[in-house]
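Written below as structure tokens is the structure these notes are about.
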2 protein chains.
Amino acid sequence: MSSTHTGVTTTPAALDPCGRADHPDCGIRDVLDRIGDKWSVLVVVELAGGPRRFRELQRAIDGISQRMLTLTVRRLERDGLVLRTVYPTVPAQVDYRLTETGAGLTHLVKALADWSLAHRAVIAEARQAYDRAHPGHDIH
Amino acid sequence: MSSTHTGVTTTPAALDPCGRADHPDCGIRDVLDRIGDKWSVLVVVELAGGPRRFRELQRAIDGISQRMLTLTVRRLERDGLVLRTVYPTVPAQVDYRLTETGAGLTHLVKALADWSLAHRAVIAEARQAYDRAHPGHDIH
DNA sequence: CTGCATCCGGGACGATACTG
DNA sequence: CAGTATCGTCCCGGATGCAG
């Protein structure tokens, strides 16, 4: 419990994304821990186009392993963002689709993608400029 | 940016949030690789409240180590999202503030936070339900 | 105060093999 | 097709110490 929050830095109410200066986290960490991993967002993006089967997902998402797809899709299901349906056919057939909650995420992802595309060039430029100005200064 | 921001899922053939079915990534990975780490977003959130000094940031962001704050802020600077200003005082004084580009991120973060708060309860419930239905089935 | 260097552990992730 | 199990690697991130 972080009850001792010594001296809150004065924050203009208009700028604080969460509206509470004493709690800068404001739940962002929650979302990030949930979909901030390597694959979740890509799965959501793919499912935004409609239901997909396991193999379809794997083929659509370049580079993902079976293991990670399983884990990712399982976690999304657990969080109620994805609905998993098993058809008792032979061989087994499973499809995944976004739930209501998961579909809501699509808009955010869309916004993220838009922002990314809009600033990709500027950021790349900034990067090159930085690297030019800081030679041998490796950040990671 | 004339794109339908609602009812995306109903689209039969062309479907993904980026408007190109052959490229499901659409740059989302870019954003995530950049701010999807453990601390970047929190730094952005804090800086959304105005310029901060190094120590202020560290105090504001609960749990971050000096090392990670340095790395995070450095990467943000490199990407042109944060501006770093050094004042030649003694001892050294540095402040960080969002650039135009970085400030734009604030809105996205806000949306993320809103979504998180709005669905936190539902997700937690879904989780418990899942765990109840799948005892011993550890996802992680 | 503001940082960088170093060591180190744990978890995320990939590759592979096997099952139903 | 749709997973599960196991193993190994990599790197993120924490702790600590030192420097300008």
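Please read all numbers here as calculations on a predicted model, not as lab measurements. Here is how names work: the chains are called A, B, and so on, in the same order as the sequence lines, proteins then strands, and each is numbered from 1.
Side-chain N/O atoms of A:Arg55 include none lying less than 4.0 angstrom from OP1 or OP2 on D:dA2. OP1 or OP2 of C:dT2 has not a single side-chain nitrogen or oxygen of B:Arg59 nearer than 4.0 Å. Taking only side-chain nitrogens and oxygens, A:Arg53 never comes nearer than 4.0 Å to OP1 or OP2 of D:dC1.
Ion pair B:Asp114/B:Lys110 flagged as a salt bridge, since at least one NZ, NE, NH1 or NH2 atom sits closer than 4.0 Å to an Asp/Glu carboxylate oxygen.
Not counting sequence neighbours, the partners of A:Tyr130 by the ring pair (Phe, Tyr, Trp, His ring centres under 6.0 Å) test are A:His134. Applying the side-chain contact (heavy atoms from CB on, under 4.5 Å) test to A:Val86 and every residue at least two apart in sequence or in another chain returns A:Arg84, A:Val94. Residues forming a side-chain contact (heavy atoms from CB on, under 4.5 Å) with A:Gln93 (at least two apart in sequence, or on another chain): A:Arg53, A:Tyr87, A:Thr89. Remark: B:Thr72 pairs with no residue by the side chain to side chain donor-acceptor pair (under 3.5 Å) rule, at least two apart or across chains. In this structure, the side-chain contact (heavy atoms from CB on, under 4.5 Å) partners of B:Thr101, at least two apart in sequence or on a different chain, are A:Trp115, A:His119, A:Val122, B:Leu81, B:Thr99. Scored by the side-chain contact (heavy atoms from CB on, under 4.5 Å) test, A:Arg59 finds A:Arg55, A:Glu56 as partners (sequence neighbours excluded). With sequence neighbours left out, the side chain to side chain donor-acceptor pair (under 3.5 Å) criterion links B:Arg97 to B:Asp95. With sequence neighbours excluded, no residue forms a side chain to side chain donor-acceptor pair (under 3.5 Å) with B:Asp33.
Rounded to a whole Å, the CD atom of A:Glu56 is 8 Å from the P atom of D:dA2. For the pair A:Arg84 CZ and D:dA2 P, the interatomic distance rounds to 10 Å; values are reported in whole Å. A straight line from CE of B:Met68 to P of D:dA15 spans 12 Å, rounded to a whole angstrom. Rounded to an integer number of Å, the gap from B:Arg52 CZ to C:dG3 C1' is 20 Å. Between B:Lys38 atom NZ and D:dC11 atom P there is a gap of 18 Å when expressed in whole angstrom units. Taking atom CG of residue B:Asp33 and atom C1' of nucleotide D:dC12, one finds them 14 Å apart after rounding to whole Å. When rounded to the nearest whole Å, the span between CH2 of B:Trp39 and P of D:dG13 equals 9 Å. Rounded to an integer number of Å, the gap from CD of A:Gln58 to P of D:dA2 is 10 Å.
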What N/O pairs connect the protein and nucleotides 4-7 of chain D at under 3.5 Å? Give each pair on its own line.
| unit_1 | atom_1 | unit_2 | atom_2 | d |
| --- | --- | --- | --- | --- |
| D:dT4 | OP1 | A:Arg74 | NH2 | 3.4 |
| D:dT4 | OP2 | A:Arg74 | NH2 | 3.4 |

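Although no hydrogens or angles enter the test, the distance criterion places no donor-acceptor pair under 3.5 Å between the side chain of A:Arg67 and the main chain of A:Ile64. Judged by distance alone, the side chain of B:Arg29 and the main-chain N or O of A:Lys38 form a donor-acceptor pair under 3.5 Å.
For the segment residues 85-97 of chain B, the set of residues with a heavy atom within less than 4.0 Å of an atom of DNA chain C comprises B:Pro91, B:Ala92, B:Val94, B:Tyr96, in numerical order.
Annotation: the terminal axes of the helix from C:dC1-D:dG20 to C:dG20-D:dC1 meet at 40°, where each axis is the rotation carrying the C1' atoms of four end pairs onto the next four (5 pairs per end, rounded to 10°).
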